[in-house]
Protein chains: 2
Amino acid sequence: MHVKEVSELAGVSIRTLHHYDEIGLLTPKKINGSGYRIYSEADLERLQQILFFKELGFSLKKIKEIMNSSSYKQEEALEIQRGMLIDKRKRIDKMIQTIDKTIQNKKGEIQMTDKEKFEGFDFSHNPYEDEARKKWGDHVVDESNAKIKQLSKYERESLEKEFNDIYRKLAEIRHESPDSDIAQEKIGLWYVYLNKIGNYSLDAFKGLGQMYVDDERFTKNIDKFGEGLAKFMRDAMAVYAERNQSE
Amino acid sequence: MHVKEVSELAGVSIRTLHHYDEIGLLTPKKINGSGYRIYSEADLERLQQILFFKELGFSLKKIKEIMNSSSYKQEEALEIQRGMLIDKRKRIDKMIQTIDKTIQNKKGEIQMTDKEKFEGFDFSHNPYEDEARKKWGDHVVDESNAKIKQLSKYERESLEKEFNDIYRKLAEIRHESPDSDIAQEKIGLWYVYLNKIGNYSLDAFKGLGQMYVDDERFTKNIDKFGEGLAKFMRDAMAVYAERNQSE
DNA sequence: ATAAGGTATTACGTTACGTTAGAGTCAACT
DNA sequence: AGTTGACTCTAACGTAACGTAATACCTTAT
């Protein structure tokens, strides 16, 4: 499917689709040879998810964070979104009640406190973000931490040592090209390491790399080992994922 | 009431209130002597209205346009907003249905077309703006036009002559101060003129003046008589309204 | 009179696109 | 084969609705 088709189907502008591509929120496979974006069925589903989250007031950054979380599963998300939408409907009902009261109040039929005049809306913060955070927030870290806690003391120390070794090695070579042999070898170790404590597909691996630069909590910790390491790792991870994907 | 109080009551940030003041959407009477914004009960009601429109997806510019329309009445607005909110609830119900279908589809229980996957959302345009336009849009002009049409040919020509005369006079003196005697005299004629074809309170008069510079359709036509005339008129009209208000 | 909390005014930053502008693509029609 | 019209791309600047300091004044409680 081409942009226009998708655009009309989903009721969003073409520019919006371009934008989502730009920020890496929804990147179709642009095979067309002449650079045209071609959207697959899976892309459509992802777009649907994005729009649900958007309706619920999430920022694109948060949406990306959530959907890139290694534990993200569409079916789970649908259930949660369903709950949130029902909640939102409740809030709208409240607003309708508030209107009714206000009308009555205007007619002098009832009294109304100032507080009651604003029941139903609260623009000060997104009421659904907390729930989302519980489910997906900081999940990559949580998941890893949980697994690590289950290990024996010896295993933990051994893992930590390995962790530090890989980071230091990567930091040393961070000025090489991300697709160089040495970089790919070391980033491969990283992939193996991660799969000891979690379960990462190549796509998730690539997504995680992107998060290293998008999410400053990661960037900060990673760049402790060397300025610019996060970016280097993201690039290397992307290359690694793509190379091993096709084979 | 001070900003913080209002802010907490309505669930909007202080910055938002400042912003609404800046753009002239909600300007409290700042009597406090030290420049503090003091919000009245009427201001609260206006804020409530604003938030309702916002929830329905109107831009602040549109909201301002609507609420400054000479025919705007709060009670009417409440009824219409009520209808729109009920409509919005329907759309959310559609989205919930869409989610349910998607879940079933994922389980392989039912088939689903691409179109069905996006039923409920349509971000391409605000569905309520048309309705609003019918009620309030271009209303100042419409109202005047309607009245003018009812007049005899002679009366119409006479009015048009008067109209042109006033504009030309105003254009001549547009470099005077808006609160000078001559400016106030001529703008007074304009107020009298407008009330021949409509029914303008001093507040509506002031609001109309603001619209001369906010709405470029007005600005363009007015500035035909002289560059900067629209701004001059707005200022003069504001002074006129305030001076005659208190007496 | 001094600290704590509220408020005001700049003023620059940010998000999520809108809006041209300039140029290449594709399918259909003469 | 040439042209047209609908579609696509990237690049880049514009906009709306605030967020986020920074700096300074006001007010009241101690």
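First the proteins, then the strands, lettered A, B, ... as listed; each starts at 1. Bear in mind that the values here come from a model prediction, so they are computed numbers and not experimental data.
Here B:K106 pairs with A:E45 in a salt bridge; the nearest charged N to carboxylate O distance falls below 4.0 Å. For the pair A:K115 and A:E119, the salt-bridge criterion is not met [side-chain N within less than 4.0 Å of a carboxylate O]. A salt bridge does not link A:D93 with A:K90: every distance from a Lys NZ or Arg NE/NH1/NH2 to an Asp or Glu carboxylate oxygen is 4.0 Å or more. Taking the charged nitrogens against the carboxylate oxygens, B:E41 and B:R46 have no contact shorter than 4.0 Å, which rules out a salt bridge. Between A:R174 and A:E227 there is no salt bridge, since no side-chain N of the basic residue sits under 4.0 Å from a carboxylate O of the acidic one. A:K61 has no carboxylate O lying under 4.0 Å from a charged side-chain N of A:E65, or vice versa, which leaves the two without a salt bridge.
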Please lay out, stage by stage, how B:Q49 and B:Y72 fare under the test side-chain hydrogen bond (donor to acceptor under 3.5 Å, both in side chains). CA-CA 12 Å; B:Q49 292 283 302; B:Y72 182 78; 2.3 Å; yes
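Considering only heavy atoms from C-beta on, A:M84 comes within 4.5 Å of A:F58 through its side chain.
Within 4.0 Å (heavy atoms only), B:K62 reaches no atom of the nucleic acid at all.
Interface limits on DNA chain C: the 5'-most and 3'-most nucleotides within less than 4.0 Å of chain B heavy atoms are C:dG6 to C:dA11.
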A correct 5'-to-3' footprint of nucleotides 1-13 of chain D, with B, S and - meaning base, sugar-phosphate only and no protein heavy atom under 4.0 Å, is ------BSSB-B-
